[in-house]
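Everything on this sheet refers to the single structure shown next.
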Amino acid sequence: MTSSHGHHAFHLVDMSPWPLTGSISAMMLTTGLVKWFHQFNPDLLILGVTATTLTMIQWWRDITREGTYQGLHTKAVTIGLRWGMILFITSEVLFFFSFFWAFFHSSLAPNVEVGSCWPPAGIQTFNPFQIPLLNTAILLASGATVTWAHHAIMESNHSQAMQSLGITVFLGMYFTALQALEYYEAPFTIADSVYGSTFFVATGFHGLHVIIGSTFLMVCLYRLYKCHFSATHHFGFEAAAWYWHFVDVVWLFLYISIYWWGG
Amino acid sequence: MYEWRNSTGRLSAPTVQTPAKLGGAAEGPGIIYPPGTTFPKEAPRGAMGEIPGLLSQKMQMFQKANSIPIHLKGGPFDKVLFGATLVMCAVGLTGCLNFFYDMSFPKKSED
């Protein structure tokens, strides 16, 4: 039987429905948000979240099948995937840059409406040397454990790789739990002047990225358990580790500027 | 030899194989590579040992030449999941269009 692969090192994918279902799901998400705001009905939004989640699960499942089970991820294909992940993380950096701009815009020259001071008059800020410092230690430690996991994979040390990646996932979830507790106990809300807006939007989006990164690492833990990774070929894990380091660096910037300088 | 497919707009290998004894060639004239061309090959497994049993089974299942696309190749549950996603998208798309139509007409508020 002749192969449809052709005499090249690249991967021309099978016809796939996921770009279309992903696009429709994105429209359901955005339209659903508007419908919730205007008609107080979240049904379309919930359907959109479900359809988006299903699309993501199936699309990434298919990529795992093509790479791990069908062996279609040659060196050339992996280089393309690396560039893709680098460009995606760069776009996320630009996304967070805008929230930091907003914070510095309001905090470097505080207007008369907040009392011409930063933090604004009446705002009780978090002590940066309590839970926020613990969160910093947690994320820095998780950066070390994910590097430990990478070295364990490269040295074919399966038990250490499972342990270190497991600890990394746990630390990510520990951070999320502590941050949720902080949100619950906060003496100010998102509606409390531009301080509340900049604080909760910046830390909120960061928290969402911690959840995304933890999920990515959890999927890698499962794939590691199923022996999908070899000592020389484990790009899915590397991509998760890159994303996790990015999340860690964003937190360091948040901690220094919003929690410490801005507190 | 090669067939034009309208769906992809490309030439691809034929799905129907002409038996060689009837004079049909399974593949066209071979490509002449310049001397010294390196070809892709599998990295030697070396000290890594055999591929674990379950993983090997998955590899065989997904490499079967049955022309099933990757998103359905894992078995009947793939069809269930795909169907559910399609149904949700259809319902959601209708819901979106319905919402756009509804919001296009201003409603008189009761003051």
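Only this structure's heavy atoms are used, side chains among them; waters, hydrogens and symmetry mates stay out. Below, chains carry the letters A, B, ... as their sequence lines are ordered, and counting in each starts from 1.
The line from CG of B/Asp78 to CZ of A/Arg61 is 4.5 Å long, rounded to the nearest 0.5 Å. The structure places CD1 of A/Ile57 at 7.0 Å from CG of B/Leu81, a figure rounded to the nearest 0.5 Å. Note that the CE atom of B/Met88 and the CG atom of A/Leu54 stand 4.5 Å from one another [nearest 0.5 Å]. The distance from the NZ atom of A/Lys35 to the CG atom of B/Asn98 is 6.5 Å, given to the nearest 0.5 Å. The distance from atom CG of B/Leu55 to atom NZ of A/Lys226, rounded to the nearest 0.5 Å, is 10.0 Å. Summarising the geometry, atom CD1 belonging to A/Ile24 is positioned 8.5 Å from atom CG belonging to B/Leu86; distances are rounded to the nearest 0.5 Å.
For A/Gln58, the part lying near chain B is the side chain, with the backbone staying farther off; criterion is any non-hydrogen pair under 4.5 Å. Neither the backbone nor the side chain of B/Met61 comes within less than 4.5 Å of any heavy atom of chain A. Residue contact with chain B, scored on non-hydrogen atoms closer than 4.5 Å, is absent for A/Trp59. The part of A/His38 that comes within reach of chain B is its side chain, from C-beta onward, which places non-hydrogen atoms under 4.5 angstrom from that chain. Contact annotation for B/Phe100: only side-chain heavy atoms (C-beta onward) come within less than 4.5 Å of a heavy atom of chain A.
Ranking B/His71, B/Lys73, B/Met103 against chain A, the residue ahead of the rest is B/His71, based on heavy-atom pairs under 4.5 Å. Between chain B and the residues A/Val34, A/Leu20, A/Thr74, the most heavy-atom pairs under 4.5 angstrom are made by A/Val34. Contact count versus chain A (heavy atoms, under 4.5 Å) is highest, among B/Ser56, B/Gly74, B/Ala84, for B/Gly74. Of the listed residues (A/Ser16, A/Pro17, A/Ala51), the one with the most heavy-atom contacts under 4.5 Å to chain B is A/Pro17.
The local environment of CD1 in B/Ile32 is sparse, with at most 12 non-hydrogen atoms from other residues, nucleotides or ligands closer than 6.0 Å. The number of heavy-atom neighbours closer than 6.0 Å to NZ of B/Lys107, taken from other residues, nucleotides and ligands shown, is above 12. The neighbour count for A/Tyr174 OH, taken as heavy atoms of other residues, nucleotides or ligands under 6.0 Å away, does not exceed 12. Summarising the local packing, CH2 of A/Trp36 is surrounded by 12 or fewer heavy atoms from other residues, nucleotides or ligands at distances under 6.0 Å. Atom CZ of A/Arg82 sits in a crowded spot, with more than 12 heavy atoms from other residues, nucleotides or ligands closer than 6.0 Å. Counting non-hydrogen atoms of neighbouring residues, nucleotides and ligands closer than 6.0 angstrom, the OH atom of A/Tyr183 exceeds 12 such neighbours. Counting non-hydrogen atoms of neighbouring residues, nucleotides and ligands closer than 6.0 angstrom, the CE atom of A/Met173 reaches no more than 12 such neighbours. Atom OH of B/Tyr33 has more than 12 neighbouring heavy atoms from other residues, nucleotides or ligands inside a 6.0 Å radius.
Scanning both residues, B/Cys96 and A/Leu44, for their nearest heavy atoms gives SG-CD2, 3.9 Å. Contact record, A/Glu66 with B/Ile70: OE2-CG2, 3.6 Å, taken as the closest heavy-atom pair. Closest of all the heavy-atom pairs between A/Tyr69 and B/Gln63 is O-NE2, 2.7 Å.
Checked by atom type and distance alone, the side chain of A/Arg65 never pairs as donor or acceptor with a backbone atom of B/Phe62 at under 3.5 Å.
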